[in-house]
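The block underneath contains the structure these notes are about, expressed in structure tokens.
Index from 1, following the sequence. Computed from heavy atoms alone, side chains included, the values below leave out hydrogens, waters and symmetry copies. Quantities reported herein were computed from a predicted structural model and do not represent experimental measurements.
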Amino acid sequence: MEQIVIGVESDEKVLIISVAARMAGMHPQTLRQYDRLGLVQPGRSSGGGRRYSPRDVALLREIQRLSQEDGVNLAGIKRIIALEQLVADLQEKLVETQEELAAARQRIAELESTIFPRRDLVPMSSSQTALVVWRPRR
């Protein structure tokens, strides 16, 4: 039988509400309230029961910390969570864009080396023009 290890970073929705509540140090009713408010989005079993992931439990602990230690109200916590998710999404997009840029620069370097293999030649674009003034001889 294969053993499955679930870490804090796991998004596997496998924990029933009573287990998730115990792990987060909260009452199950609190988790239901947070679900209604949209602070945490648990998965659903085929019977409709809530299922939480270890990442959800970590989020619940952070919600509790923000509320109890920092005195942030639930609306503020919801906004903080949304902004943190936006930052994470933007950081991921930035990494993707940087990788695409590096690949494009590599491709440009490859193309330049095949088009202009000699280093003593300077490539000139076709859009350059020169003006020559002609004067007839006397």
Item checked: Hydrophobic cluster (4.5 angstrom, side-chain heavy atoms) - remaining members for Leu86 -> Leu90

Gap separating the [atom1] atom of [X] from the [atom2] atom of [Y], nearest 0.5 angstrom:
| X | Y | atom1 | atom2 | value |
| --- | --- | --- | --- | --- |
| His27 | Ile17 | NE2 | CD1 | 9.5 Å |
| Lys93 | Glu100 | NZ | CD | 6.0 Å |
| Glu62 | Glu84 | CD | CD | 6.5 Å |
| Ser46 | Arg51 | OG | CZ | 8.0 Å |
| Ile63 | Leu39 | CD1 | CG | 4.5 Å |
| Leu66 | Ile80 | CG | CD1 | 5.0 Å |

Checklist line | Gln33 versus Gln29, side-chain donor and acceptor atoms under 3.5 Å | finding: no

Checklist line | Residue Arg36 excluded, over 12 heavy atoms near CZ under 6.0 Å | finding: yes

Margin query: Is it true that, when you exclude Arg79 itself, more than 12 heavy atoms of the residues, nucleotides or ligands shown sit nearer than 6.0 Å to its CZ?
Written below: no

Note to self: Between Ile77 and Ser67, does the side-chain contact (heavy atoms from CB on, under 4.5 Å) criterion hold? Intermediate values first, please.
What the structure shows: CA-CA 8 Å; Ile77 291 171; Ser67 174; 3.8 Å; yes

Item checked: Within-4.5 Å side-chain heavy-atom neighbours: Met23 and Leu15 -> yes

Margin query: So Tyr34 and Leu74, do their side chains get closer than 4.5 Å, heavy atoms only?
Written below: yes

Item checked: Minimum heavy-atom distance between Pro28 and Ser18, given as atom pair plus value -> CG-CA, 4.5 Å

Next item on the list: Specify the closest pair of heavy atoms between Arg65 and Asp70, including all atoms of both residues, with the distance to one decimal.
Entry: NH1-OD2, 2.9 Å

Margin query: Given Val40, which partner from the list Asp35, Val57, Leu60 fulfils the side-chain contact (heavy atoms from CB on, under 4.5 Å) test?
Written below: Leu60

Margin query: With a 4.0 Å cut-off on N to O distance, would you call Asp56 and Arg61 a salt bridge?
Written below: no

